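Start at 1 with the first residue, then count along the sequence. Everything numeric here is computed off the predicted structure, so don't read it as measured data.
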Amino acid sequence: MKKNNEPNCLRLELRSVTALLAPEDSPFAGPALHPEVADRLLAEADLVRRKVPLRIEFVVDDDQPGDVQRVVRALRQHFELEALAATRDLSRVFRNGRIATLIGLAVVAVLLGIANLIDPESPYRLARALRESFTIFAWVAMWRPAELLLYEHMPIRRRRTLSLRLAAAPVSLIARDGTTVA
């Protein structure tokens, strides 16, 4: 049984260190993490306990001196950029939420104002139906702002938290013959 203070170990088996890194024709300076490896790490990290630190182990056929530093640099750079992108996405969601809320409140005010002009005691069914329709449509106009402000940020926050945890995780390369390079 795992103790509470032991880090969660994410262990990926790969052909080589080269398979772990993006192709050399990557537009970014320095080594970049292969996108499939990054996606797999995010998926694996999402499955483990949240409050416990992570440790990453890559099992490869062979490793050369300096490979660990290249891998660590690529991993840190990738997930720090992912966290930064998630932070920007959060700002965008909340900005859009504020704008949508202002628009929604204006629509609510106008439509409820129109609904209140219709006599609730009117003997005509059409008048009562219109009054109810304006009232319902007014509150439906607040659906998207509520969704943005209450829920849309949650998966983005989760992605940012996972990215920061992965960027901070210690990394080891393990050759298939069993030798470990930390």
Side-chain angles (χ1 to χ4, degrees), residues 1-100 143-182:
M1 184 164 172
K2 196 177 223 184
K3 295 179 186 173
N4 284 341
N5 58 354
E6 281 185 42
N8 290 307
C9 182
L10 306 180
R11 186 179 180 113
L12 297 181
E13 296 202 19
L14 302 160
R15 290 185 310 272
S16 65
V17 172
T18 307
L20 177 65
L21 301 173
E24 292 297 323
D25 62 351
S26 174
F28 300 106
L33 196 61
H34 195 286
E36 289 180 35
V37 172
D39 290 345
R40 180 78 177 272
L41 284 171
L42 275 170
E44 295 287 327
D46 197 29
L47 297 175
V48 298
R49 294 176 293 162
R50 295 178 185 189
K51 303 281 186 205
V52 179
L54 297 173
R55 185 178 83 237
I56 302 170
E57 294 177 352
F58 294 111
V59 179
V60 293
D61 286 338
D62 62 337
D63 56 338
Q64 306 298 319
D67 281 348
V68 174
Q69 290 80 11
R70 286 179 37 220
V71 169
V72 167
R73 194 168 60 244
L75 190 129
R76 301 258 185 283
Q77 179 180 335
H78 178 85
F79 287 113
E80 286 170 359
L81 288 173
E82 278 286 319
L84 184 61
T87 300
R88 282 192 293 254
D89 288 348
L90 277 174
S91 295
R92 180 190 47 78
V93 164
F94 284 118
R95 182 180 61 247
N96 291 345
R98 288 188 300 272
I99 292 168
W143 187 283
R144 182 64 178 153
E147 185 180 29
L148 282 167
L149 295 173
L150 296 175
Y151 305 111
E152 191 153 321
H153 63 93
M154 290 178 176
I156 299 169
R157 284 183 190 278
R158 179 84 175 130
R159 189 179 85 221
R160 182 178 66 177
T161 301
L162 286 173
S163 294
L164 291 171
R165 287 179 67 202
L166 286 164
V171 177
S172 301
L173 290 181
I174 301 172
R176 281 199 212 290
D177 65 11
T179 58
T180 301
V181 180

Let me confirm one number: the [atom1]-[atom2] distance from [X] to [Y], rounded to the nearest 0.5 Å.
X      : Y      : atom1 : atom2 : answer
Glu80  : Leu164 : CD    : CG    : 8.0 Å
Arg88  : Ile156 : CZ    : CD1   : 12.5 Å
Leu173 : Leu20  : CG    : CG    : 7.0 Å

Quick one: does [X]'s side chain get under 4.5 Å of [Y]'s, heavy atoms only?
X      : Y      : result
Leu148 : Arg144 : yes
Val60  : Ile174 : no
Asp67  : Phe58  : no
Met154 : Arg157 : no
Val72  : Gln69  : no
Arg50  : Thr161 : no

| task | Salt-bridge test for Arg158 and Asp46: reply yes if a basic N is under 4.0 Å from a carboxylate O, no otherwise. | result |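 Answer for the salt bridge query: yes.
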Distance-only check: which donor-acceptor pairs under 3.5 Å involve side-chain atoms of residues 36-44, not counting sequence neighbours?
{"from": "Arg40", "atom 1": "NE", "to": "Glu44", "atom 2": "OE2", "distance (Å)": "3.4"}

At their closest point, which heavy atom of [X] faces which heavy atom of [Y], and how far apart are they?
X      : Y      : answer
Ala86  : Arg159 : CA-NH2, 3.2 Å
Asn8   : Arg49  : ND2-O, 3.1 Å
Leu21  : Ala74  : CD2-CB, 3.6 Å
Pro7   : Val52  : CA-CG1, 3.7 Å
Pro145 : Ala100 : CG-O, 3.2 Å
Pro53  : Arg165 : C-NH2, 4.3 Å

| task | Please answer whether the main-chain N or O of Ala169 pairs with a side-chain N or O of Arg76 as donor and acceptor at a distance below 3.5 Å. | result |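 Yes; at least one donor-acceptor contact below 3.5 Å.
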